[in-house]
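The structure appears right after this line, and notes come after that.
Below, chains carry the letters A, B, ... as their sequence lines are ordered, and counting in each starts from 1.
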Number of protein chains: 2
Amino acid sequence: MAEKIDLKRIARELNLAVSTVSRALRDSYEISEETKQKVFALARQLNYEPNPYASSLRRQRSKTIGVVLPELPNNFFTHVVNGIEWVARQKGYHVLIYITHEQMEQEISLIRHLQSGRVDGVLASVCAGTQDIAHFRSLHQHGIPLVFFDRVCEDSGFPTVTTNDYEASYHATVHLIQQGCRHLYHLTLPLHLSITRKRLQGFLDALQQYQLPVNESTVLIAKDMDLFYDQLDQLLCSTQPPDGIFAAVEKLVLLVYHICQKRHIRIPSQLKVLAFSNLETAPLLAPPLTTITQPAFEIGKKAAELLFRKIEKKRDILEQMHYVIPSALVIRDSTRSLGQALSNQSAAEWIHSA
Amino acid sequence: MAEKIDLKRIARELNLAVSTVSRALRDSYEISEETKQKVFALARQLNYEPNPYASSLRRQRSKTIGVVLPELPNNFFTHVVNGIEWVARQKGYHVLIYITHEQMEQEISLIRHLQSGRVDGVLASVCAGTQDIAHFRSLHQHGIPLVFFDRVCEDSGFPTVTTNDYEASYHATVHLIQQGCRHLYHLTLPLHLSITRKRLQGFLDALQQYQLPVNESTVLIAKDMDLFYDQLDQLLCSTQPPDGIFAAVEKLVLLVYHICQKRHIRIPSQLKVLAFSNLETAPLLAPPLTTITQPAFEIGKKAAELLFRKIEKKRDILEQMHYVIPSALVIRDSTRSLGQALSNQSAAEWIHSA
DNA sequence: GCTATTTACGGAAACGATTGCACAAAAAAC
DNA sequence: GTTTTTTGTGCAATCGTTTCCGTAAATAGC
């Protein structure tokens with residue numbers, strides 16, 4: 001175990017005071033060029049790394065941000081975290097990651113803990129169940145900036161970075177209708193989340209616009225996954241099956257594909273499907289899946305940039321508080337109508353040998 | 001901005017010494033039950049959270065671990081991180097995440113920084129280019145435990161958690177051969193990595209076992225992705241195209257699928273394909289992809305557990321240092337031979353309309 | 001050449017929690 | 001009832017950096 005290398009050690013070695021060494025390393029104007037050089041040289045030679053905890057304690061800032069999200073193995077969130085990490089690296093910040101696994105108690109205790117000063121700011125995407133936001137308020141009262149992304153708390157006064165959920169949803173639904181769908185279903189998560197509500201609203205408004213019927217079974221809300229699978233299975237095998245499905249989140253559309261594969265339901269001839277999704281394999285699926293692709297990396301990047309602005313100069317109330325980065329509707333075979341020529345790129349409908 | 005809540009504040013309020021409050025909160029046996037209760041009550045009421053930096057400074061441990069990995073948007077690594085976070089949470093540890101983006105300089109400077117004491121231990125999966133491991137040695141000399149996972153440095157003396165790369169690779173190759181492949185190619189990343197070497201070796205040994213020819217073009221190494229795409233495109237369109245492809249990493253097999261889709265090359269009739277991959281959509285691809293599925297979550301979990309053992313009692317040299325968690329070969333349509341009945345689950349070959 | 005200012009550095013007090021030691025008061029021992 | 005032990009608490013040093021002040025020497029001002 002190598003001997004500890006701290007400022008005291010460097011100071012002793014060079015016959016300087018600790019304070020002088022500290023200043024030299026921070027390149028203070030008060031220190032002569034000559035001394036600085038000596039200090040730099042020795043610090044480098046000894047491989048000196050300042051103790052971040054001492055520094056954070058003294059300066060009351062940690063050069064660390066916290067990222068709180070509901071799940072990690074998810075193509076959207078991983079790209080968001082990638083964007084966040086990218087910005088944080090540029091800024092010399094560290095990134096603590098916390099996964100709530102959609103459990104609100106975890107979210108609450110986490111956020112409560114983060115008011116300790118461990119982080120200089122927080123980026124969060126809330127649990128599907130989160131309704132009360134007292135814990136976020138508390139964080140704010142402790143002077144720790146917070147930016148929501150994707151799953152935001154609206155009207156909470158915190159800055160948000162989202163995609164254009166409503167519009168994207170509306171246009172995607174119109175696309176489904178234009179492809180001939182008349183019996184549309186909407187698969188989504190609990191409607192506490194603003195994104196699920198907005199996506200649903202876009203969907204419903206499109207239906208209304210085209211005077212398509214809506215009844216209480218049009219919207220299927222996934223609470224328990226296993227249960228939802230069975231429910232979906234029944235729906236797709238019923239005597240009045242849907243001819244179009246809109247999945248508000250990625251993992252729900254995969255269930256649809258699994259069931260269709262198992263039940264030999266043909267996409268898109270029997271059923272057209274699209275989803276909010278960042279699956280990189282969307283074009284390679286059977287059949288290629290039409291997606292509303294969210295700008296995940298950019299959302300992460302923008303959210304982090306916003307957070308750093310808040311961290312660096314606490315007072316910019318006048319800034320635009322709600323950023324919206326548009327998604328792209330990428331049309332692939334899963335929503336092509338029969339009459340329509342199949343795309344060159346993804347050429348065939350999925351034909352079953354049954 | 002709420003007034004700061006620290007031990008001093010609680011002490012003052014209760015007419016106690018700071019040290020007493022500190023001990024009470026840590027439930028020390030030296031403090032009377034009565035005092036403890038009073039302290040607990042007030043701490044809860046004031047929403048007290050101890051300053052982690054003060055605590056870390058004093059106790060010389062941070063309750064934080066660092067995770068260093070080459071990329072995040074990757075189904076393998078996200079599940080690993082999930083496993084790590086899961087264990088860390090149980091242990092009350094925090095997780096700092098660092099992405100090297102396959103850049104060795106980043107890895108080096110990162111690891112160098114981490115010897116500052118910011119973390120109590122490090123979990124790492126190295127860059128494709130990493131050969132010199134001086135930075136990891138340096139970390140070790142500073143008394144910070146390190147565990148490698150997946151992309152490990154062999155013979156470095158550090159504990160490792162991997163999958164059975166060689167055997168899995170060997171058996172998968174045998175499977176390809178048994179399905180009738182005779183012109184096999186191996187797609188991989190630079191061979192500095194132990195995993196790429198082992199996977200290649202398993203592949204080559206299987207070929208040798210079955211007396212299939214190997215020449216210098218049998219192994220394609222991806223350095224630059226765009227370049228590699230073109231190279232692969234040429235290979236697949238050549239007059240002597242392969243009839244079997246083994247991709248050592250997930251992202252390379254996706255290139256194969258893209259090219260086959262574009263060039264109307266039929267899988268599996270013209271070309272059989274398999275890969276090390278944790279794609280959740282593997283069964284839904286066109287056609288469903290045969291994968292060697294790594295136990296990603298378990299690898300993360302085991303690596304974290306190992307690290308915590310090292311952190312908690314520094315001296316357990318006698319422990320098993322190299323854990324191997326086996327992968328599973330999941331056979332799907334992308335490697336079925338023509339004569340063979342197609343599976344019920346994923347029933348059809350991908351038929352092009354060209 | 002004497003004061004006024006700058007330059008370059010040292011001393012010491014923070015930051016907030018932990019912990020070794022000291023020490024009253026209470027309990028136990030004899 | 002005195003001595004010893006136990007119990008409960010306070011004091012102060014400590015972790016390693018940062019930063020407010022203070023100050024000697026060097027330079028400038030006139």
Under-4.0 Å side-chain N/O to phosphate OP1/OP2 contact, B/Lys4 with C/dG16: yes
Atom pair CG/CG of B/Leu114 and B/Leu96 - distance to nearest 0.5 Å: 7.5 Å
May I ask you to verify if any side-chain N or O of B/Gln60 is less than 4.0 angstrom from the OP1 or OP2 atom of D/dT14? no
Closest to the side chain of A/Leu16, out of D/dG16, D/dG10, C/dG10, is C/dG10
Reading DNA chain D from 5' onward, which residue's closest nucleotide shows up sooner: B/Ser19 or B/Ala54? B/Ser19
Output the single nucleotide from D/dT9, C/dG16, D/dT17 whose closest atom is nearest the side chain of A/Asn51. D/dT17
In whole angstrom, give the distance that lies between atom CG of A/Leu7 and atom C1' of D/dT19. 13 Å
Between P on C/dT19 and CZ on B/Arg58, what's the gap in Å once rounded to a whole number? 6 Å
Can you tell me how far P of C/dC15 sits from CZ of B/Arg9, to the nearest Å? 16 Å
Can you see if the side chain of B/Ser55 gets near the phosphate of C/dT18 - specifically, an N or O under 4.0 Å from OP1 or OP2? yes
Starting at CZ of A/Arg26 and ending at P of D/dG16, how long is that distance when rounded to a whole Å? 17 Å
Record whether the side chain of A/Arg23 comes under 3.5 Å of the base of C/dG10 through a donor-acceptor pair of N or O atoms. yes
What is the separation between atom NZ on A/Lys36 and atom C1' on C/dT7, rounded to the nearest whole Å? 12 Å
Distance check: side-chain N/O of B/Ser32 vs OP1/OP2 of D/dG8, anything under 4.0 Å? no
Grab the CG-P distance between B/Leu57 and D/dC15 for me, whole Å please. 9 Å
OP1 or OP2 of C/dA17 sitting under 4.0 Å from any side-chain N/O of B/Tyr48? yes
Rounded to whole Å, NZ of B/Lys8 lies from P of D/dA12 at a distance of 14 Å
Could you check B/Val95 against B/Ile65 for side chain to side chain contact (heavy atoms under 4.5 Å, CB included), going step by step and ending with a plain yes or no? CA-CA 5 Å; B/Val95 180; B/Ile65 61 172; 4.3 Å; yes
Check the phosphate of C/dA17 against B/Ser22, side-chain N and O only, distance under 4.0 Å to OP1 or OP2. Yes or no? no
Just checking, is any N or O donor in the side chain of A/Asn74 or A/Glu71 under 3.5 Å from an acceptor N or O on the other one? yes
Is it the case that the side chains of B/Gln37 and B/Glu33 hold a donor-acceptor pair, with the cut-off being a distance below 3.5 Å and no angle test? yes
Whole-Å distance, A/Glu30 CD to D/dT23 P, equals 16 Å
Is A/Arg59 near enough to D/dT19 that one of its side-chain N or O atoms lies under 4.0 angstrom from OP1 or OP2? yes
Looking at C/dC9, I'd like to know if its phosphate oxygens (OP1 or OP2) sit under 4.0 Å from a side-chain N or O belonging to A/Thr35. yes
Could you check whether B/His113 and A/His94 have their ring centres less than 6.0 Å apart? yes
